[in-house]
Amino acid sequence: MANPNAASSPSILRLLPSIDELIGTESGRKVVGAAGQRRAAALAREVTDAFRYELRKNSEGRTGPASALTKESILEALARRLEGAWRRSQDSRLRRVINATGVIVHTNLGRAPLSEAAIAAITNEAKSYCTLEYDRTSGKRGRRGAHAEGLLAELAGAEAALIVNNCAAAAFLVLTVFARGREVIVSRGELVEIGGDFRVPDVLAQSGAVLREVGTTNRTRIADYEKAVSENTVMILRVHPSNYRIVGFTETPPLEALASLARSSKLLLYEDAGSGALIDLTKFGLTDEPVISRSIADGADIVTFSGDKLLGGPQAGMIVGRRDSIELIRKHPLYRALRVDKLTYAALQATLDAYMREKAESEVPVLKMLGLSSEALAERSRKFVSDLSGRVPPDAGLGFEIIEGNSAVGGGAAPNVQPPASLIALSHSAFSASHIEEKLRSSEPPVIARIADDKVLIDLRTVAELEEAELLDAIAEIVDF
Ligand SMILES: *Cc1c(COP(=O)(O)O)cnc(C)c1O
């Protein structure tokens with residue numbers, strides 16, 4: 001059996017540089033500058049160890065031309081490897097990417113990009129000290145998030161609001177506070193899984209609530225809910241199926257009907273609206289996203305939804321509803337564990353301001369992208385392709401054409417809505433689509449695109465106009481070697 005340690009070749013191993021020599025090379029000094037002395041030394045040790053192992057293996061199997069190695073060539077090879085190791089270690093960093101997938105609320109790419117105002121708020125309002133829990137009128141301690149909550153309550157037409165870490169936290173908190181050890185009635189058609197790790201039955205179980213399923217997968221009637229009410233029932237839960245639709249022979253009672261049953265039976269009506277629209281999104285083709293103010297008007301006692309889906313703000317979980325319910329939640333110890341930080345309040349406050357000023361459609365990126373007409377998108381794509389022809393020589397082998405396709409809403413919302421889009425299809429005479437996709441992914445900043453029919457598709461809907469120059473560079477670089 002091969003034992004790399006047994007047949008070492010001491011003469012060659014003596015040519016290996018010391019760690020200090022390696023990080024003293026030009027490449028080494030670059031890595032030290034970027035990574036710091038300690039990290040650079042650790043990486044230098046890793047690449048040297050790997051190299052030593054290879055040398056031993058080679059001399060044992062007599063495969064490599066080990067004798068041709070000199071002290072200089074080894075140092076040079078290790079310096080290159082050190083830089084490579086540093087670069088690779090940075091691949092996993094959180095960084096900006098260009099989203100050319102056309103998926104607007106792309107969960108893997110951070111869901112909603114923030115508005116200019118929200119970004120400014122993070123750097124200004126939350127930069128240094130701020131009035132997070134300070135009331136400057138009285139000069140005394142103030143309530144955390146009071147202003148953002150006020151905006152949210154008003155936009156939702158609700159008595160009160162509370163903001164937590166995300167919608168999953170909001171749902172867990174609501175169920176824990178009100179339904180621990182009690183029964184919650186849910187339609188079988190709404191026992192859904194959203195985004196892999198949010199499963200309605202599991203969240204209920206974890207909160208200590210007892211699930212009382214009613215109806216069938218496709219049809220649940222108000223009578224099914226009525227029959228399920230017992231003295232142990234505390235709540236009716238309505239879940240927006242978000243990323244899932246049942247079509248055909250379906251039935252579910254309107255929220256008003258659930259509200260009147262809840263009132264007559266002294267139960268709470270809680271709707272988990274998921275993506276949650278603060279304005280009616282019908283004009284963007286999103287016809288079945290619950291409008292939060294409508295749910296409240298229809299009689300929901302509590303509604304929860306995400307901050308970074310269709311609302312277009314930072315990650316957050318919104319809880320709106322009756323003041324007494326919201327105050328009970330605020331006082332629960334679990335709220336303390338799920339509350340948000342000043343950066344979130346700052347970004348959220350600025351995003352909600354845009355809704356308040358009725359400017360959300362022109363200022364909040366998610367809504368701007370949803371509202372981009374297919375004509376405007378086609379015009380951008382044509383202009384981009386013409387710029388691309390100016391950049392890439394005709395004999396470079398790169399093919400690009402505009403094809404008709406679709407963007408997607410994403411983020412577990414409106415799975416049946418696919419805004420028509422003029423896409424730029426890239427291909428190359430010598431490279432496969434996956435090779436092009438990989439080149440784009442490794443450019444700076446990385447460009448994320450999708451592949452269909454052995455072509456790489458670029459959808460400008462999710463690319464900011466300011467990013468187009470970078471995108472052009474990245475595509476031109478595919479043929480630049
Ligand atoms: C997305 C979604 C959630 C989870 O929201 P997060 O903000 O990602 O925690 C919960 N419920 C519904 C109905 C959803 O659509």
Side-chain angles (χ1 to χ4, degrees), residues 103-114 148 152 156 161-176 179 184 186-207 209 211 235-246 252 255 258 269-278 281 286-292 294-296 300 302-321 329 334-335 337-341 343-345 347-348 351-352 366 408-417:
V103 180
I104 298 173
V105 182
H106 198 307
T107 297
N108 297 158
L109 302 182
R111 289 198 180 159
L114 294 177
L152 189 58
L162 190 66
I163 297 158
V164 292
N165 184 54
N166 54 18
C167 188
F172 183 57
L173 188 53
V174 169
L175 292 168
T176 303
V184 176
V186 192
S187 161
R188 290 198 167 88
E190 298 172 11
L191 295 174
V192 293
E193 170 178 311
I194 291 155
D197 42 17
F198 184 90
R199 301 177 128 198
V200 172
D202 296 352
V203 176
L204 273 141
Q206 194 59 44
S207 70
L211 170 62
M235 177 185 281
I236 297 173
L237 167 59
R238 151 72 48 99
V239 182
H240 180 54
S242 298
N243 53 5
Y244 173 73
R245 289 292 177 279
I246 302 173
T252 183
L255 201 64
L258 294 180
L269 175 59
Y270 162 36
E271 179 180 40
D272 181 14
S275 51
L278 281 180
L281 301 175
L286 278 67
T287 50
D288 45 34
E289 286 307 311
V291 180
I292 303 303
R294 205 166 296 151
S295 295
I296 293 290
I302 303 168
V303 182
T304 58
F305 54 105
S306 289
D308 55 355
K309 291 182 180 170
L310 293 173
L311 193 152
Q315 178 189 305
M318 317 297 191
I319 311 176
V320 298
I329 301 170
L334 192 56
Y335 164 66
L338 301 175
R339 71 183 193 185
V340 299
D341 74 326
L343 302 183
T344 303
Y345 285 124
L348 202 51
T351 308
L352 295 174
V366 164
V409 178
N416 47 357
V417 178

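Whatever order the structure lists ligands and atoms in, that order sets their numbers, starting from 1. Below, each value reflects all heavy atoms present in this structure, side chains not excepted, and no hydrogens, waters or symmetry copies.
In R111, the part holding a heavy atom less than 4.0 Å from any atom of ligand 1 is the side chain. Residue-level proximity to ligand 1 for S242 is carried by the side chain, the only part with a heavy atom below 4.0 angstrom.
Scanning the protein heavy atoms around atom 11 (N) of ligand 1, the nearest turns out to be D272 OD2, 2.7 Å.
Side-chain contact between T252 and E190 is present, with heavy atoms from C-beta onward closer than 4.5 Å. For the pair D272/C167, a side-chain contact is recorded, criterion being any heavy-atom separation below 4.5 Å from C-beta on. Residues L152 and L348 are not in side-chain contact: their nearest non-hydrogen atoms beyond the backbone lie 4.5 Å or more apart.
A donor-acceptor pair is defined here as one N or O able to donate and one able to accept, closer than 3.5 Å; no such pair exists between the side chain of R111 and the backbone of N108. For the pair E289 (side chain) and A413 (backbone), a donor-acceptor distance under 3.5 Å is absent.
Every heavy atom of E289 sits 4.0 Å or more from the atoms of ligand 1. Look at K309 and you'll find a heavy atom under 4.0 Å from some atom of ligand 1.
Of all the listed residues (S306, A168, A413), S306 holds the heavy atom that lies closest to atom 7 (O) of ligand 1. Between atom 12 (C) of ligand 1 and the options V239, I194, T107, the minimum heavy-atom separation is to I194.
When the side chain to side chain donor-acceptor pair (under 3.5 Å) test is applied to N165, the partners found at least two apart in sequence or on another chain are Q315.
Of all the atoms in ligand 1, the ones that sit under 4.0 Å from a non-hydrogen atom of H240 are 13 (C).
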